[in-house]
K.L.:
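I have a structure I would like to understand better, so I am pasting it below and will then ask my questions one at a time.
Throughout, protein chains are lettered first and strands after them, A, B, ... in sequence-line order, and every chain is numbered starting at 1.
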There are 2 protein chains.
Amino acid sequence: MSAIAEPNRLSIIELLRDGPCTVGEIAEHLRLRQPQVSKHLRVLCEAKLVEVHPMANRRIYKLHVQGLKEIDSWLDSFRHLWEDRLDQLDDYLKELQRKEKGE
Amino acid sequence: MSAIAEPNRLSIIELLRDGPCTVGEIAEHLRLRQPQVSKHLRVLCEAKLVEVHPMANRRIYKLHVQGLKEIDSWLDSFRHLWEDRLDQLDDYLKELQRKEKGE
DNA sequence: TTTAAATATTCCTTTACAGGAATATTCTTT
DNA sequence: AAAGAATATTCCTGTAAAGGAATATTTAAA
């Protein structure tokens, strides 16, 4: 998760949403220097959020669907919060009162 | 996004998934010291991922649905990647070839 | 085979931030 | 009012990591 915390890396991910890119293209679009882009891509690769396809001289980067799916399935465990309309706070307060009486 | 990058904060979020908690309870469950928990909660609050409900002596924290929804809707823009079965790489390679012939 | 392009890596410096310890604040209880 | 919970804040220190500059590496082109 910390991989997409860095703003420039988030931008890279969002840029790649529109399709694969080479390192140079990314650097140009985001107005970053090539070495930094390479470094960020390295981190994103290790986080399985991006994958490389060496093609002759260049290296084409694209989103790694697997990694994004994992974030999605993590969010899944929270979805009930806004689908069900249960008010957790009320329940908690009642629970609290119950405990305090018990003491 | 950087709010949930920190491991302890991620744990807090996951703990609150099961319902509201007071600062002390969080500290106890996660084996963290109270001041650190307060600091993390501050960050999570500012990120709109968590909300406070002062209740007498204590402060009850719970998930802020809005913030989680925003992450979810951000992910929405990527969902077509694994729903449609389009191979972006092939398209990009063809595009690349086209450009190189043009030069 | 030398040169040039595209990308990766290394080293250095600076900065952001997490944790620890101590203290301040707020509210309750006696 | 005083004492004691529960929580927040401040100050300090160490460390991880991002950016800059220079350099190495790989592959294509001449």
K.L.:
Given C:dA18, C:dG20, C:dT28, identify the nucleotide with an atom nearest to the side chain of B:Arg33.
P.N.:
C:dG20

K.L.:
How long is the gap from CG on A:Leu41 to OH on A:Tyr61, to the nearest 0.5 Å?
P.N.:
5.0 Å

K.L.:
How long is the straight-line distance from CH2 of A:Trp82 back to CG of B:Leu68, given to the nearest 0.5 Å?
P.N.:
5.5 Å

K.L.:
Return the CD to OG distance between A:Glu70 and A:Ser73, rounded to the nearest 0.5 Å.
P.N.:
6.5 Å

K.L.:
What string of B, S and - do you get for nucleotides 6-12 of chain D, 5' to 3', if B is base contact, S is sugar-phosphate-only contact and - is no contact with any protein heavy atom under 4.0 Å?
P.N.:
SBBBB--

K.L.:
Reckon B:His40 has a side-chain N or O less than 4.0 Å from the OP1 or OP2 of C:dC17?
P.N.:
no

K.L.:
Tell me: CG of B:Leu30 to C1' of C:dA18, nearest whole Å?
P.N.:
15 Å

K.L.:
Only counting residues at least two apart or in another chain, list the ones meeting side chain to side chain donor-acceptor pair (under 3.5 Å) with B:Gln36.
P.N.:
none

K.L.:
If I take atom CE in residue B:Met55 and atom C1' in nucleotide C:dT26, what distance separates them, rounded to the nearest angstrom?
P.N.:
14 Å

K.L.:
Between A:Ala56 and A:Val43, who's closer to the 5' end of DNA chain D by nearest nucleotide?
P.N.:
A:Val43

K.L.:
Running the 4.5 Å side-chain criterion over Ile, Leu, Val, Met, Phe, Trp and Tyr, what cluster does A:Leu93 land in, apart from itself?
P.N.:
A:Leu89, A:Tyr92, A:Leu96, B:Met55, B:Ile60

K.L.:
Under the salt bridge (charged side-chain N to carboxylate O under 4.0 Å, His left out) definition, can you give me all pairs with a residue in residues 2-28 of chain A, not counting sequence neighbours?
P.N.:
none

K.L.:
Does the distance from a Lys or Arg side-chain N to an Asp or Glu carboxylate O, for A:Asp76 and A:Arg79, drop under 4.0 Å?
P.N.:
yes

K.L.:
Nearest-Å distance, CD (B:Glu28) to C1' (D:dA5)?
P.N.:
15 Å

K.L.:
Suppose we screen for side chain to side chain donor-acceptor pair (under 3.5 Å). Which residues come up paired with A:Arg58, at least two apart in sequence or across chains?
P.N.:
B:Glu100

K.L.:
Pull out every protein N or O sitting under 3.5 Å from an N or O of nucleotides 14-17 of chain D, one pair per line with the distance.
P.N.:
none

